[in-house]
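Encoded as structure tokens, the structure appears first; notes follow it.
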Amino acid sequence: MTDKEEKTSPQPSPENKPNQTSVISLPCEFPYRLIGNGLILGIIFFLASITITLKNDLINKQLLSFQDSLYNLSSQLGFTIDDIIIRGRNHTTIEEINAVLNLTREDNILKADIAKIRYQIEQLPWVRSASIKKSFFPNILQIDLQEHKVKSLWQYNEKFYPINEDGQVIESNYIPPHETLLIVGAGAPENINELLKIIDDDSEIFKRIKAANYISERRWDLILDSIENGITIKLPEKDIEQAWKKLIKINAEKNILKRKLTKIDLRLPGKITVTLEKTSKARKKARAKERKL
């Protein structure tokens, strides 16, 4: 190798150059596009809902106007109320029903809203349920009532309230046509049905019960034969049914409810305590003792 010769390294050919990868990072625009599209869609939906609402209101007004025209035409053709027949009314007054119906013979029977009328009538204090029917030629509105049945009379704060079969107070003035079970005490209406299911087993004793006193909202005292001078049966707070069955059994064996008693105490488990009626002589002594005191 001469001095003129230079030592050179072979240059890599284009084929021998290593592969190079270039990465270009663009700005992240996806969230902005999503938010923008969401706003545009929201505006579109909002405007569309306003347009639909306005159109519907116009349609509704047109439909109502057309409906009124049909009712007027049908009234001219004779579809007005000829009569209203009410069945099953014992305590509900005609004045109460008329105030609810607010109908006259000139009103269109086709326009009468049966569901609305039934709902309004069922709000009356004595009405348990009602059914309404329309019949034509003659055009009659028939109302069938099912009224509440009075199961007892509740005495509270020196007032008397009729109690229905569900133990609910009927908010109405009431004079019982016959002797009715009197219940006394706070909470008595809500708990009377549970008691009646137990004591109604023996019909003979049940007929003699004149009053049921709910003591301290915990337990019952029953008064037989006479509220003033009858036999008081003191029931326990718990296991009423067991105590009542025991009384029925003993009465069947020994007929104790026909004896001159003033009190039968069933509050102690497995034990019955009776108090005899005082003789006239004993009553006089008791009164004399009270005078001295």
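Predicted, not measured: the structure shown is a model, and the values here were computed from it.
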Subject >> Exceeds 12 heavy-atom contacts within 6.0 angstrom, atom OH of Tyr119 >> reply: no
Original post:
Is the count of non-hydrogen atoms from other residues, nucleotides or ligands lying under 6.0 Å from Glu106 atom CD greater than 12?
Top reply: no
**OP:** With rounding to the nearest 0.5 Å, note down the distance linking CG in Asn213 to CG in Leu235.
**Re:** 11.0 Å
Original post:
Is it true that the side chains of Ser135 and Gln142 contain a donor and an acceptor less than 3.5 Å apart?
Top reply: no
Original post:
Is there a donor in the side chain of Gln146 and an acceptor in the side chain of Asp144, or the other way round, less than 3.5 Å apart?
Top reply: no
Original post:
Is it true that Glu179 and Lys210 have a side-chain N and a carboxylate O under 4.0 angstrom from each other?
Top reply: yes
Original post:
Roughly how far, to the nearest 0.5 Å, is CD1 of Ile97 from CD1 of Ile86?
Top reply: 3.5 Å
**OP:** Count the heavy atoms belonging to other residues, nucleotides or ligands that lie under 6.0 Å from CD1 of Ile94, then report whether that count exceeds 12.
**Re:** yes
**OP:** For atom NZ of Lys234, decide whether the heavy atoms of other residues, nucleotides or ligands shown that lie under 6.0 angstrom number more than 12.
**Re:** yes
Original post:
Below 4.0 angstrom, N of the basic side chain to O of the carboxylate: do Arg208 and Glu204 qualify?
Top reply: no
Subject >> For Glu190, all residues meeting side chain to side chain donor-acceptor pair (under 3.5 Å), sequence neighbours excluded >> reply: none
**OP:** First locate atom CG of Asn255, then atom CD1 of Ile250, and finally report the distance between them rounded to the nearest 0.5 Å.
**Re:** 12.5 Å
Subject >> Partner set under side chain to side chain donor-acceptor pair (under 3.5 Å) for Glu171, not counting sequence neighbours >> reply: none
Original post:
Knowing that exactly one of Lys197, Arg128, Lys149 qualifies, which makes a salt bridge (charged side-chain N to carboxylate O under 4.0 Å, His left out) with Glu165?
Top reply: Arg128
**OP:** Could you tell me which non-hydrogen atom of Ile143 sits nearest to which non-hydrogen atom of Ile84, and how far apart they are?
**Re:** CD1-CG2, 4.0 Å
Original post:
With ring centroids as reference points, do Tyr174 and Trp126 lie under 6.0 angstrom apart?
Top reply: yes
Original post:
Can you name the residues that form a side chain to side chain donor-acceptor pair (under 3.5 Å) with Glu122, not counting sequence neighbours?
Top reply: none
Subject >> Residue Phe79 excluded, over 12 heavy atoms near CZ under 6.0 Å >> reply: yes
Original post:
Under 4.5 Å between side-chain heavy atoms, hopping through other hydrophobics if needed: is there a path connecting Tyr214 to Val169?
Top reply: yes
Original post:
Taking atom NZ of Lys134 as the centre, does the number of heavy atoms from other residues, nucleotides or ligands within less than 6.0 Å exceed 12?
Top reply: yes
Subject >> Distance, nearest 0.5 Å, that separates NZ of Lys111 from CG of Asp113 >> reply: 11.0 Å
**OP:** Find the distance between CD1 (Ile215) and CG (Asp221) and round it off to the nearest 0.5 Å.
**Re:** 4.5 Å
Subject >> Separation between CD1 of Ile264 and CG of Leu224, rounded to the nearest 0.5 Å >> reply: 7.5 Å
Original post:
Does atom CG of Asn102 have more than 12 heavy-atom neighbours from other groups under 6.0 Å away?
Top reply: no
